[in-house]
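All remarks here apply to the structure that follows.
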Amino acid sequence: MKEMPNTDIETQRSEACAAFVRFVRTLHLPRYDELPDIELYMDQMLTYIDDRLRPLLPADEKLLTSSMVNNYVKQKLIPTPSHKRYGREHVALLIFICLMKRTASMADIQRLFAIQETTYSTRRAYDFFCTAAEESLRALFCGETATHDLGEWTIGNRPGFAFSLQIEHADDLSPERRIVLSAATAIANKIYLEKCLELERFGNDEAH
């Protein structure tokens with residue numbers, strides 16, 4: 001196959017990068033109270049989660065299947081569904097699992113849930129995580145954050161790209177909050193690495 005001119009490839013890479021940056025700039029993971037207020041059947045739940053997370057992940061990655069969900073129930077990572085229907089808590093936990101399993105083992109995720117259960121409600125922990133993940137991605141891809149509020153904490157207002165959020169008075173963070181921030185940072189950096197490698201390959205497949 002005829003090779004594409006380097007200028008064309010670079011233009012396409014630049015446009016693809018700019019499009020993803022625009023997506024991250026307005027990224028909003030659904031907060032707990034924004035999750036469906038009716039219980040979902042398996043297929044509905046899988047579609048809902050895939051629609052929200054797919055743009056962040058490689059297109060060929062198997063995000064979540066019914067077999068995975070059933071295994072998570074058996075491992076007691078998520079509660080047993082009521083009459084084969086899944087509520088807000090299930091969806092929130094599964095969104096966290098789908099993002100976190102890419103950087104941590106299931107055993108570690110199980111320990112994270114155990115820590116959460118003794119400290120914060122699922123709603124509070126999940127919402128804190130969503131904000132931390134969104135703003136970590138924006139710090140990496142956009143060089144700025146959309147908010148300076150992270151729960152009761154303040155995100156530092158230092159301009160420019162950062163590989164982790166700068167939290168004011170970070171010495172006062174509880175160990176549990178530090179763990180969640182570390183999880184969000186790991187997820188953001190994983191996505192950043194994947195996107196950089198994807199853009200590096202962009203156009204090469206068409207050129208060969």
[X] atom [atom1], over 12 foreign heavy atoms within 6.0 Å:
{"X": "His169", "atom1": "NE2", "answer": "no"}
{"X": "Tyr41", "atom1": "OH", "answer": "no"}
{"X": "Tyr32", "atom1": "OH", "answer": "yes"}

* Show the numbers, then the answer: is there a side-chain contact (heavy atoms from CB on, under 4.5 Å) between Trp153 and Glu168? => CA-CA 7 Å; Trp153 306 97; Glu168 293 185 4; over 6 Å; no
Gap separating the [atom1] atom of [X] from the [atom2] atom of [Y], nearest 0.5 angstrom:
{"X": "Ile78", "Y": "Tyr86", "atom1": "CD1", "atom2": "OH", "answer": "6.0 Å"}
{"X": "Gln110", "Y": "Ile115", "atom1": "CD", "atom2": "CD1", "answer": "12.0 Å"}
{"X": "Leu99", "Y": "Ile187", "atom1": "CG", "atom2": "CD1", "answer": "5.0 Å"}
{"X": "Leu46", "Y": "Tyr48", "atom1": "CG", "atom2": "OH", "answer": "13.5 Å"}

Residues in side-chain contact (heavy atoms from CB on, under 4.5 Å) contact with [X], at least two apart in sequence or another chain:
{"X": "Arg22", "result": "Ala18, Ala19"}
{"X": "Leu112", "result": "Phe96, Met100, Ile179"}
{"X": "Thr185", "result": "Ser136, Ser164, Asn189"}

List, one per line, each side-chain donor-acceptor pair under 3.5 Å for residues 53-69, sequence neighbours excluded.
{"residue": "Arg54", "atom": "NE", "partner": "Asp50", "partner atom": "OD1", "Å": "3.4"}
{"residue": "Arg54", "atom": "NH1", "partner": "Pro58", "partner atom": "O", "Å": "2.8"}
{"residue": "Arg54", "atom": "NH1", "partner": "Glu61", "partner atom": "O", "Å": "3.1"}
{"residue": "Arg54", "atom": "NH2", "partner": "Asp50", "partner atom": "OD1", "Å": "3.0"}
{"residue": "Arg54", "atom": "NH2", "partner": "Glu61", "partner atom": "O", "Å": "3.0"}
{"residue": "Glu61", "atom": "OE1", "partner": "Arg102", "partner atom": "NE", "Å": "3.2"}
{"residue": "Glu61", "atom": "OE1", "partner": "Arg102", "partner atom": "NH2", "Å": "2.9"}
{"residue": "Glu61", "atom": "OE2", "partner": "Arg102", "partner atom": "NE", "Å": "2.9"}
{"residue": "Thr65", "atom": "OG1", "partner": "Met68", "partner atom": "N", "Å": "3.2"}

* Asked: Got a sec, which pairs hit salt bridge (charged side-chain N to carboxylate O under 4.0 Å, His left out) with one end in residues 64-91, sequence neighbours left out?
  ->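 Qualifying pairs: Glu39-Arg85.
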* Which pairs, with at least one residue in residues 139-166 and sequence neighbours excluded, count as a salt bridge (charged side-chain N to carboxylate O under 4.0 Å, His left out)? ->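 For residues 139-166, and leaving out neighbouring residues, the salt bridge (charged side-chain N to carboxylate O under 4.0 Å, His left out) pairs sorted by first residue read Arg25-Glu144, Arg124-Glu152, Glu152-Arg177.
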* Run the numbers on Phe128 and Glu176 for side-chain contact (heavy atoms from CB on, under 4.5 Å), then give the verdict. => CA-CA 11 Å; Phe128 184 92; Glu176 295 79 18; over 6 Å; no
* Side chains of Gln116 and Thr122: does their closest heavy-atom pair fall under 4.5 Å? ->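 Yes. Closest side-chain heavy atoms under 4.5 Å.
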* Asked: Can you check side-chain contact (heavy atoms from CB on, under 4.5 Å) on Glu135 and Leu150, steps first, answer last?
  -> CA-CA 9 Å; Glu135 300 308 334; Leu150 181 59; over 6 Å; no
* Please say whether the positively charged group of Lys195, taken as NZ for Lys or CZ for Arg, lies over the ring of Phe141, i.e. under 6.0 angstrom from the six-membered ring centre and within 45 degrees of the axis. =>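 The answer is no, since Lys195 fails at least one limit relative to Phe141.
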* To do: For the pair Phe23 and Phe20, evaluate ring pair (Phe, Tyr, Trp, His ring centres under 6.0 Å) and give the outcome as yes or no after the intermediate values.
  => CA-CA 5 Å; Phe23 165 73; Phe20 192 76; 5.8 Å; yes
